[in-house]
4 protein chains.
Amino acid sequence: MQIGKTIDELKVGEEASFTKTITEVDIAMFAAITGDFNPVHTNEIYAQKTHFGKRIAHGGIAAGLVAPILGMMLPGPGTIALEVRNKFLAPVYPGNTITCTGVVQEKDEERNIATIYFTLNNENSVKVMECWAKVMPPKKVS
Amino acid sequence: MQIGKTIDELKVGEEASFTKTITEVDIAMFAAITGDFNPVHTNEIYAQKTHFGKRIAHGGIAAGLVAPILGMMLPGPGTIALEVRNKFLAPVYPGNTITCTGVVQEKDEERNIATIYFTLNNENSVKVMECWAKVMPPKKVS
Amino acid sequence: MQIGKTIDELKVGEEASFTKTITEVDIAMFAAITGDFNPVHTNEIYAQKTHFGKRIAHGGIAAGLVAPILGMMLPGPGTIALEVRNKFLAPVYPGNTITCTGVVQEKDEERNIATIYFTLNNENSVKVMECWAKVMPPKKVS
Amino acid sequence: MQIGKTIDELKVGEEASFTKTITEVDIAMFAAITGDFNPVHTNEIYAQKTHFGKRIAHGGIAAGLVAPILGMMLPGPGTIALEVRNKFLAPVYPGNTITCTGVVQEKDEERNIATIYFTLNNENSVKVMECWAKVMPPKKVS
């Protein structure tokens with residue numbers, strides 16, 4: 001069975017990243033998943049009157065970009081997320097390309113808990129989000 | 001312009017909730033948005049060998065159910081999310097019906113910041129997640 | 001340029017039909033298009049307590065099955081829909097296979113208007129909807 | 001169980017509205033739901049040669065905006081749609097922001113039937129559609 005890195009194998013300072021362009025399709029699908037039709041996401045005329053100037057993507061879309069890192073790379077398959085904390089720093093517009101980079105910040109081998117710290121930047125190096133995830137890495141299958 | 005409740009109008013203890021059944025489609029769409037193809041979400045054979053026993057929904061799907069509450073109800077349109085903290089307590093399987101209930105926990109009128117506390121329960125009253133969101137409610141258009 | 005049948009070419013009594021299975025994906029996408037998260041479509045526990053017994057598809061999903069007939073077959077490309085009237089007769093559940101059959105009911109050559117009458121049946125021959133569409137067939141490109 | 005307004009509670013003249021920007025994604029999803037690949041919706045080159053000048057949204061997309069009003073607001077959950085009549089008055093292009101406003105036009109308390117009349121306007125106040133919906137509002141759970 002495919003497993004990710006165990007707490008032993010994870011190194012503090014180790015990094016992984018994932019980049020994706022956020023599109024209209026992401027907004028439509030996130031609205032479909034969540035039922036969030038907040039006009040700042042789905043009503044262009046309303047959004048133009050806000051200080052954002054146009055529609056923005058749901059916060060959960062950028063926040064979701066930590067998922068492929070935790071679940072596929074660092075630590076990878078078998079990881080269990082216990083807690084995430086997201087700070088939203090700048091809006092994400094459809095068309096922005098977001099790079100999410102995670103780094104192992106600390107690990108507690110006894111309790112099998114690691115903290116991965118993420119920064120999310122757009123294509124102009126504006127930090128749009130940061131995130132701390134406390135996870136249990138997979139255990140070695142004996 | 002349609003706005004939600006201002007910090008003045010929000011009452012500590014005030015509640016709103018939203019319920020939705022999580023389906024296969026939500027898993028497919030969340031994977032499409034985020035690129036998270038962790039086998040525990042998308043590989044049934046792999047998932048059967050984990051202690052979950054079958055595929056589970058991405059954590060971000062349930063976490064996303066706070067969005068329609070913050071953006072459409074409590075406080076509603078014009079709200080800016082500053083920070084969210086999610087604790088994942090139990091798995092969500094496709095077919096589970098999740099009720100997300102938010103309650104205004106505290107508010108700081110001077111800084112215009114409110115904390116909304118959310119509990120997410122499945123149809124069997126198992127708490128699957130809890131979440132704290134620090135938000136700036138909309139300001140009255142003068 | 002590809003055009004459908006002109007009013008001259010259409011025959012009263014002429015038929016065309018289209019069949020499709022309605023799935024969860026259709027419900028998720030229709031909710032995404034319209035913002036309709038009525039619990040009878042998206043909350044299984046709620047829906048079980050209604051007289052439907054489980055979630056039903058949005059009425060607009062079955063109603064949409066007249067579109068491929070009008071726009072691709074009868075009359076076909078170039079048709080302009082002026083008016084449709086839909087009667088909802090029985091619920092459509094995810095998993096139902098709906099056959100939509102249109103027949104040219106009358107035509108007014110002078111005003112270039114045809115009425116197509118549709119019946120929509122599920123796989124058990126239960127009529128779930130009927131529809132009348134008043135359309136302007138395409139004109140011959142000279 | 002969450003229910004909408006009963007026939008007693010509905011007031012003739014009472015209004016509700018919903019606004020959404022129509023995007024490319026809506027066209028792709030409506031085509032996916034219905035199989036309507038009429039070139040005026042999905043073939044830009046064809047559409048440029050029509051008098052519309054570019055691709056237009058399917059009529060069923062705008063028509064679908066009555067659904068969140070009937071099912072979530074007026075009358076709301078528990079409503080059963082009996083019949084809808086849609087008049088298509090002007091094309092909807094991707095990028096248009098459509099406001100759908102429903103008003104209770106008449107009600108027949110004995111038969112528990114209400115008629116809601118809808119107008120749909122784009123951001124330039126052009127009426128693109130009107131709709132009459134005959135519905136059975138929910139009954140009080142005793």
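Numbers restart at 1 for each chain; the letters A, B, ... are given by sequence-line order, proteins then strands. Computation of the quantities below employed the complete heavy-atom set of this structure, encompassing side-chain atoms and omitting hydrogens, waters and symmetry-equivalent molecules.
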Q | Trace of the side chain to side chain contact (heavy atoms under 4.5 Å, CB included) decision for F30(D) with I33(C) | A | CA-CA 8 Å; F30(D) 197 82; I33(C) 291 172; 4.0 Å; yes
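- Contacts of Q2(D) with chain C are made by both backbone and side-chain atoms, with heavy-atom separations under 4.5 Å.
- Note that the CG atom of N86(D) and the CG atom of N86(C) stand 6.5 Å from one another [nearest 0.5 Å].
- You'll find the side chain of Y46(C) reaches within 4.5 Å of the side chain of P77(D), heavy atoms only.
- Contacts of A32(D) with chain C are made by both backbone and side-chain atoms, with heavy-atom separations under 4.5 Å.
- With a 4.5 Å cut-off on non-hydrogen atoms, F18(C) touches chain D through its side chain but not through its backbone.
- Options G59(D), G4(D), A62(D), A81(D) differ in how many heavy-atom pairs under 4.5 Å they form with chain C, and the most are formed by A81(D).
- Each of D26(D), I80(D), I22(D) has some count of heavy-atom pairs under 4.5 Å with chain C, and the biggest count is that of D26(D).
- Neither the backbone nor the side chain of V40(C) comes within less than 4.5 Å of any heavy atom of chain D.
- Interface remark: of the candidates A31(C), G35(C), A67(C), A67(C) forms the most heavy-atom pairs closer than 4.5 Å to chain D.
- Atom-to-atom distance recorded for R85(D):CZ and C131(C):SG is 12.5 Å, nearest 0.5 angstrom.
- Residue pairs meeting the side-chain hydrogen bond (donor to acceptor under 3.5 Å, both in side chains) criterion with at least one member in residues 29-42 of chain C: none, sequence neighbours excluded.
- Crowding of E110(C) atom CD: a count of heavy atoms from other residues, nucleotides or ligands under 6.0 Å not exceeding 12.
- Residue with the most contacts toward chain C among C100(D), P39(D), G60(D), A63(D): P39(D) (heavy-atom pairs, distance under 4.5 Å).
- Residue with the most contacts toward chain C among H51(D), K49(D), E83(D): E83(D) (heavy-atom pairs, distance under 4.5 Å).
- Contacts between K87(D) and chain C at a heavy-atom distance below 4.5 Å involve backbone atoms as well as side-chain atoms.
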